[in-house]
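Here's the structure, in C-alpha cells; my notes come after.
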Amino acid sequence: MKVFINKRIPETGSRMLKEAGLEVTIPENDDLSHEEWLKYCKNTDAILNVGGNKFDQGFFEQCPNVKAIALFSVGFDHVDIKEASKRNIPVGNTPDVLSRATSDVAFLLMQSVSRRASFYFQKVKDGNWGNFDPLYELGQELYGKTLGIFGLGRIGFEMAEKCKKAFGMNIIYHNRNHNEEAEKELDAKYVSFDELIEQSDVLSIHANFKPEQSDLFNASVFERMKKNAIFVNTARGGFHNQKDLYQALVSGQIWGAGLDVTNPEPIEDNDPILQLSNVCVLPHIGSATIEARNGMARLAAENIIAFSKGQKMPHIANPEVY
C-alpha cells in the first residue's frame, strides 16, 4: 500500500509505517504547491496529512484512489467528513497526546497577557528598558479569578486544572454536555453561554470548531464581557472576529487577548492587533513539543497501519464509516 506524507514528521511515525511494510513517499522539498500536493495525492492509497490542506468534494473527485486519510492533528474542520464517509473513507486524527502541550500554551498566554510580558520583552529587545514608573502599563493578578472555558474536553480540563492549582481560580464552563469529571475533580460549574461570557475573568476556548461557529466571539459578545476580561484562543481562529476583537481591546471593552490561532491565519504582518501592549500572539504552536509531536506521529501511523491490515482505525474522526 502506498502512503503519502506531505511533510516531514518525527521519525517515530515514518519508521513505524516502513516497518509495517508500507511504501512511504515524503517529498524532499515538502513546501509543495497545491497542484504538486494534488499530484502526489492522486497516486497514493493513503495520506498522512500535515497542515490545513482541504479535503472537500473537489479533492475526493480528483483523487479517487485515496482510500484513507490520517491527520497529523486533533482538529478535522478542514475535512468534509460527510463526503469522506459517503465514500467510505476513514479519517483518523490524533486526540489526547497534545492535550497537555496545548493547555500549557493557553496557560502561558493567559499569564503573558495578564502581565503584558511580550510587550515588555519587546521593550527590552529594543533597548528601551525605561525608568521606573509606578503607573505605567500595569498587569493584573489572577488569584481567585473566574476561568470560563468554552469546550471543556481534555485540553480544557488540563487548562482548568492548572488554573485551579496555581491560582485558586473558580471554574465555569459551557459545553454541549456536562463534564462530570470536571465538576467532581475541579468543582467546575456548568453555565449557559450568556453566563460564561458575562462572568469570566479569563475566557479560554478549547472546543472543536464547526463552520456554523464562525465569528461566534464577535462585537456583541465582547461588549458583554467584563472590562478586566482576558480572551484566550488556542483552538481555531475562526471562533473569533479579529477586527471586532481589536476594537474591543482598544476601546477597553475587554482587558487583553492571548492568541495561538488567528483569523486569518497566518496573521497579516500589518494587523494592528500586534501593536497592542495587552496582546500576545503565537504562531499556532500548541502542539510544538518533542513529546506531543512524537505522540502525534505515533497515533497517525497507528491509524494508517490499522487501515492497511483491514482493521478499524483506533483514533477515528468519522466512526460511522465502520
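Worth saying up front: this structure is predicted, and the values here are computed from it rather than measured.
- Stacking of Arg116 on the aromatic ring of Trp255 is recorded, both the 6.0 Å distance cut-off and the 45° axial limit being met.
- For the side chain to side chain donor-acceptor pair (under 3.5 Å) test with Gln242, the passing option among Asp215, Asp271, Thr262 is Asp271; the others fail.
- Among residue pairs with one or both ends in residues 290-310, those qualifying as salt bridge (Lys or Arg N to Asp or Glu O under 4.0 Å) are Arg298-Glu302; sequence neighbours excluded.
- When every heavy atom of Gly238 is checked against every heavy atom of Asn263, the shortest pair comes out as CA-ND2, 4.1 Å.
- Looking at Leu259 and Leu109, their side chains never come closer than 4.5 Å, going by heavy atoms from C-beta outward.
- With respect to the salt-bridge test (charged N to carboxylate O, under 4.0 angstrom), the residues Arg154 and Asp96 do not qualify.
- Annotation for Phe119: hydrophobic cluster partners, listed by chain and number, are Tyr120, Tyr136 (ILVMFWY side-chain heavy atoms under 4.5 Å, direct or chained).
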task = In sequence, state the C-alpha distance, the side-chain angles, and the governing distance for Asp31 and Lys7, and then conclude on salt bridge (charged side-chain N to carboxylate O under 4.0 Å, His left out).
result = CA-CA 8 Å; Asp31 186 20; Lys7 286 183 181 291; 5.0 Å; no

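- For the residue pair Asn303 and Ala70, the shortest heavy atom distance occurs at CB-CB, 4.2 Å.
- At a cut-off of 3.5 Å, with distance as the only test, no side-chain donor of Asn208 or Asp77 sits close to an acceptor on the other residue.
- Ring orientation note: the planes of Tyr40 and Phe4 are close to parallel, at an angle under 30° on the 30°/60° scale.
- A side-chain donor from one of Glu195 and Ser192 sits under 3.5 Å from a side-chain acceptor of the other.
- For Arg87 and Glu83, the salt-bridge test passes: some basic side-chain N is under 4.0 Å from an acidic carboxylate O.
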request  = Apply side chain to side chain contact (heavy atoms under 4.5 Å, CB included) to Glu61 and Gln57, showing your working.
outcome  = CA-CA 6 Å; Glu61 289 175 351; Gln57 183 177 351; 3.0 Å; yes

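- Residues Asn53 and Asn49 bring a donor and an acceptor atom of their side chains to less than 3.5 Å of each other.
- Counted by atom type alone, Glu158 and Ser99 present zero donor-acceptor pairs between their side chains at under 3.5 Å.
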